Amino acid sequence: MRTTTYIQAINEAIREEMRRDENVFLMGEDVGRYGGLFRVTRNLFEEFGEERVRDTPISEQGFMGMATGAALVGMRPIVELMYMDFFMVCADQIFNQAAKMHYMTGGLVNVPLVIRGQHGGGKRYGSQHSQCVESTFAQFPGIKVVAPCTPYDAKGLLVSAIRDNNPVAFIEHKMLYFTRGELPDVGEETIVPIGKADVKREGKDLTLVSFSYTLLEALAAAEELKDEYGIDIEVVDLRSIVPLDTETLYASVQKTGRLLAVHESQSNCGIGGEIVARIYEEAPHLLQAPARRLGMAPVSLPVSQKLEEEVLPWKKNIKAAVLEMLEPVAA
Amino acid sequence: MRTTTYIQAINEAIREEMRRDENVFLMGEDVGRYGGLFRVTRNLFEEFGEERVRDTPISEQGFMGMATGAALVGMRPIVELMYMDFFMVCADQIFNQAAKMHYMTGGLVNVPLVIRGQHGGGKRYGSQHSQCVESTFAQFPGIKVVAPCTPYDAKGLLVSAIRDNNPVAFIEHKMLYFTRGELPDVGEETIVPIGKADVKREGKDLTLVSFSYTLLEALAAAEELKDEYGIDIEVVDLRSIVPLDTETLYASVQKTGRLLAVHESQSNCGIGGEIVARIYEEAPHLLQAPARRLGMAPVSLPVSQKLEEEVLPWKKNIKAAVLEMLEPVAA
Amino acid sequence: MPISVEADVLSSKAETVIEAAVLSNEQLTHMYRDMYLIRRVEESLLELAESGKIGGAMHTAIGHEGSAIGMAAALQPDDYLTCTYRGHHHSLARGMDPKRAIAEVLGKADGFAQGKGGSMHFIDPELGLMGANGIVGAQVPHAAGMALASHIRNEGRIAITFFGEGALYQGVMHETFNISQRWSLPVIFYCENNRYSEMTPISRTSSVRDIYMFARAYGMNSIQIDGNDVEVVYQAISQAAERARAGKGPTFIEGITYRLAGHMAGDLETYRTPEEIEAQRAHEPLVVLTRRLLERGVKEKVLADIRTQVEAEVIEAVEFAQNSPWPDPAVAYTDVYAL
Amino acid sequence: MPISVEADVLSSKAETVIEAAVLSNEQLTHMYRDMYLIRRVEESLLELAESGKIGGAMHTAIGHEGSAIGMAAALQPDDYLTCTYRGHHHSLARGMDPKRAIAEVLGKADGFAQGKGGSMHFIDPELGLMGANGIVGAQVPHAAGMALASHIRNEGRIAITFFGEGALYQGVMHETFNISQRWSLPVIFYCENNRYSEMTPISRTSSVRDIYMFARAYGMNSIQIDGNDVEVVYQAISQAAERARAGKGPTFIEGITYRLAGHMAGDLETYRTPEEIEAQRAHEPLVVLTRRLLERGVKEKVLADIRTQVEAEVIEAVEFAQNSPWPDPAVAYTDVYAL
Ligand SMILES: Cc1ncc(C[n+]2csc(CCOP(=O)(O)OP(=O)(O)O)c2C)c(N)n1
Ligand SMILES: Cc1ncc(C[n+]2csc(CCOP(=O)(O)OP(=O)(O)O)c2C)c(N)n1
Ligand SMILES: [Mg+2]
Ligand SMILES: [Mg+2]
């Protein structure tokens, strides 16, 4: 074991898979010689050369479509979107093309494509460079969606995503890039299966389910709730948004009887509401109190530090939501 | 009073508003001389000429952006997307631009823009020409979303949308175009406020909330459930998806104690799950049984008639869902 | 609007030389058979659509056959191809079985995609047919990506993509043209210019008159040809393919043609006169090819026999498709994710 | 890479003639003041960013000032303008108050958008500034739409939009160029070609060498100019504006310039050498303008006084912004929907 940054873990997964399978190649803006705006792809150009590490023009719809085409004939492209927000200039190629090809053709073709990049707020990038995208990607069947929080899960899930025969959105978070965590030594394969959640903290009073960066805020909130109120929160890391591991989730709620889903994408038609709807569909008897969700406030993220803190579903807001749900208990 | 088709009602709303306000103009593919692929804009070119009724090239991102620019300086463009599915080639201009301008600028500018077009299945157009879009549009604060079912609501809501100072997605359904309904005589103004739901059928056993075409399927299901099982369904027509009229909705659930939300967009992260999450957040005490939602099956719509019928959340599937919820009662 | 293919355009600056007779009578006769088959399949589909058996949007390529037939003869069977919703002709020219094609359009179990794709999504990877598309322009980067795959793997395979002149101003085209030229990918961009984009003539929406000239802006080899003459199409695509395989990069071909039927089944066609359509019939692919064959001494009797054969084959295919069962409803839930 | 503006390019086929001295010393001196102000504001913002007071992406226009100053002098105060995240210079040149500009970048209550927009979203409708944009290319159709509005209303106003050379291959640009030319809208497309798109030189991703030649493909009037010479920029934009107001349609202007600072605060700048940057300083806008003024007999003392004045103004503006309070958290929830 050793500790690395989240960035390093992603970089390793790409490098190892590119060594393992020559069909894997990388495309995106500044991903080559510069090593990526956030330096996630550093040194890959040096090792694999310009054939397999391609600096593109600012033509997302074009290169996303080309990646889809290459995947249709057996390549395994990894496309970096510099900011996940830019999915909006290539939405057709992602949702109408890559995600649907397998189904529309009755299974005649596959699209083993990885779309990766960072999303999220907290660094004052404002409305067009901070929105979380997992709930939008989850609306289109045919594409898998993962949003790991730790370096270990990031590396393990990216390896799985690259080997998966479907388009996979691999969602990073700008607040996680320099966080550190344990990773098996180089050489040891790290694989985390897509579609498996992970209990990151045991507890009995309430199940707090989250993923990506807000999971860290959830864990911090859980610690403070323990210290300040003796409340014992179980924190489940969804890790994969599509497919959703309801089994792990319901097992936790069976213990706690209470569920709060937290995510940074919009509440409206978000994954939190989806989780609430699912449990009432599939296992309402597990709940001792109404299941709840907490998402981003219904605004596009403002730039000012003070305004950003106000609307993000972070520790302060998570604690408030939990206390509201446990009032009867706490009281 | 008189009866007209849904198409005629939309056409009248545009014509009357174009006569009333010279800032209103129309852009889109084949909307001018041909009168629109579905003939919704017929005869407008003849009356208003090529300055105000503009045939565009197949450049959705471009003309959506131009409409946004024109709206930023006080025009009131109406843009037709031939199929709402095509929002994916202009998603950036809709969600990242038009929807955010007012907020990002601290209210310095408005974008009075109407985006209209038809969505939905039932006519074998397949995966790329049939998906329902309201749940995706609802994920982006700053844009209002309406999806009327009757000619009256269509005309009244379109008038409101054109006069609104925000971007409004006016969502039509290809299955509704030739349905007929009552409309006030020409000359009498028809206005339906955005954000107000409407009870289309009274009942006491369960609240069925829907909108757009599936509302007709819900009403048909309600009739059969009455005849076959004596079940008395209240059908609420949401009409507006954003903002959501929870007041009318909760008032109905207060009567019935049961809620089923039906929509044709995907279940996953859809408006149905959102409605379920909202009521558990805001009024869980009204529910005598778990609230449920029924959306499109998790596939992109296949072409074959038999497969389409299978996956659409229409009468057969609505009845099954209701019976499942009322088993305790029915039994 | 007459077909505007002037000699000076054909012998344009682009490195493509169109010569007279290059195909043997045997090849031309074979092409006649395939072209007639496509024509009859499309006509039969229109009849089925009019009788209400086909829903959605069904676009036929009646009048466009020249590009498909010329392409099939010029390329290798494993070269990649993508096309539009108007893609029946390319698929049939590359050898798709009419039975499975028609069954798919009818949404039957024997369709190549069990009725999931339908008329707008023709595909058969075994024939290098990598997908028709319902979104204008979307199939174009796919072909460029296949060319990129071939380039990275050093396969020697090329990719061709077909699109209409109305697609030129969909942004993704521009993005793809630039990247393909910059990376000098083995891809052919074939524009079937039928002068209409749905109900709107290209002249109303395009800032340029000659579409092929636009591709020159990228420094791309680009020519305009008579898309209704299989011999011309064959040569243009052969030479473009040669350049591509030699690593000389993409070629843009504007094939002038004309859509003899409506944009899709049910098109009111209020935007053009019967006279305009009639005038075009004088130079449509089947007429051009028939004339060519007779000029070269092939007997009308030979062609008549071919037509009789084809008629029978198409009638059988239509029957097969109509008798094919509906897909099992369970099929609706499969193929969402690949294993 | 030297600035490649050859005489023959300036006197290119496009209907634009660049003459020598056209501006009075008084005008040039005023321009000097504005340019120096922009320079100092940007440098101050970089310092604030380095001290951690500015988050997110903060792009300065150090080296780009020529285009903004020339534009402000050439256009009417109510002509519409849109630009990119690199838009401080256009806004200041059009008269935005440095106090409110800096306060906005710092996310303070006195910012023009109360801290909601920040550095990438400069706007002031009163000055015709209709919005900077964080998405490459997105502001370009906005300007075309404003030109369309002016055209429909017969206002005589024109629109100008600024973008970088890297934006050329974002599909929406192509769509907008075509429509604008086809509808002959009163819009000016000004490309600030600083030779880099973030960390990638344009030569690596573009199939064409001279960006301005590309616009010719649409039949658009298009020229390449020295974007670092305010007098050249002034003339090019004046003439383009005249054409636009006369109903002759859009003009594309490629202004060659150079970004002297990093792409954004924090840029490692591993992609270019200090020597390259040094070489460019010899021809940067402030140097060019200073030389011009001295050549025309304006005394250095006059310029020195201006600099002293501006320094004071900028220091005051920075103080104002730093002392400005944080916005009330409640502000985060307003302005989602207009009434
Ligand atoms: C992005 C997108 N916009 C609009 C459409 C609707 N549409 C389908 S075909 C077509 C016309 C295309 O014309 P052209 O490219 O000339 O091809 P043709 O149909 O003439 O063969 C349009 C506008 C679409 N399918 N996709
Ligand atoms: C659609 C989109 N893709 C990518 C980006 C990230 N990005 C911001 S600036 C930039 C480079 C733009 O270069 P250029 O157009 O030359 O303008 P410059 O920054 O040099 O002034 C990129 C890739 C973006 N903002 N929007
Ligand atoms: Mg056409
Ligand atoms: Mg640049």
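The model shown is predicted, which means the values in this text are computed figures rather than measured ones. Residue numbering restarts at 1 for every chain, and letters A, B, ... go by the order of the sequence lines.
- With a threshold of 4.5 angstrom between heavy atoms, B:Ser267 approaches chain A through N, CA, C or O but not through any side-chain atom.
- A 4.5 Å side-chain heavy-atom check between A:Lys306 and A:Glu310 finds every atom pair outside the cut-off.
- Side-chain contact between A:Asn317 and A:Leu312 is absent, with no heavy atoms from C-beta onward closer than 4.5 Å.
- In this structure, the portion of B:Phe140 lying under 4.5 Å from any heavy atom of chain A is its side chain and not its backbone.
- Partner of A:Val168 under the side-chain contact (heavy atoms from CB on, under 4.5 Å) criterion, out of A:Val146, A:Ile143, A:Val111, A:Ile115: A:Val146 alone.
- Proximity to chain A (any heavy atom under 4.5 Å) is shown, for B:Arg293, by both the backbone and the side chain.
- For the pair A:Phe87/A:Glu60, no side-chain contact is recorded, criterion being any heavy-atom separation below 4.5 Å from C-beta on.
- If you tally non-hydrogen atom pairs under 4.5 Å between each of A:Ser265, A:Gly272, A:Gly270 and chain B, the highest count goes to A:Gly270.
- B:Thr56 contributes atom OG1, which lies 8.0 Å from atom CE of B:Met82 (distance to the nearest 0.5 angstrom).
- Between chain B and the residues A:Val299, A:Val276, A:Asp85, A:Leu301, the largest count of heavy-atom pairs under 4.5 Å involves A:Val299.
- Taking 4.5 Å as the limit, every side-chain heavy atom of A:Val209 sits out of range of all side-chain heavy atoms of A:Leu260.
- Contact of B:Gln131 with chain A is made through the side chain alone, with heavy-atom distances under 4.5 Å.
- When heavy atoms are compared at a cutoff of 4.5 Å, B:Val303 does not approach chain A at all.
- Salt-bridge formation is not detected for the pair A:Lys319/A:Glu324: no Lys NZ or Arg NE/NH1/NH2 atom is positioned less than 4.0 Å from an Asp or Glu carboxylate oxygen.
- For the set A:Gln128, A:Gln266, A:Gln61, A:Gln97, the count of heavy-atom pairs under 4.5 angstrom toward chain B peaks at A:Gln128.
- Taking A:Leu244, A:Thr136, A:Ile271 one by one and counting their heavy-atom pairs under 4.5 Å with chain B, the maximum is reached by A:Thr136.
- Contacts between residues 102-109 of chain A and chain B, counted as heavy-atom pairs separated by less than 4.5 Å, involve A:Tyr103, A:Met104.
- In this structure, B:Phe63 and B:Glu80 approach most closely via the heavy-atom pair CE1-O, 4.2 Å.
- At least one side-chain heavy atom of B:Pro302 sits less than 4.5 Å from a side-chain heavy atom of B:Val311.
- Heavy-atom minimum distance, B:Ser135 versus B:Cys269: CB-O, 4.2 Å.
- The aromatic rings of B:Tyr83 and B:His129 sit perpendicular, their planes meeting at an angle over 60°, well past the 30° parallel limit.
- Residues of residues 282-291 of chain A that come closer than 4.5 Å to chain B, counting heavy atoms only, are A:Pro284, A:Pro290, A:Ala291, ordered by residue number.
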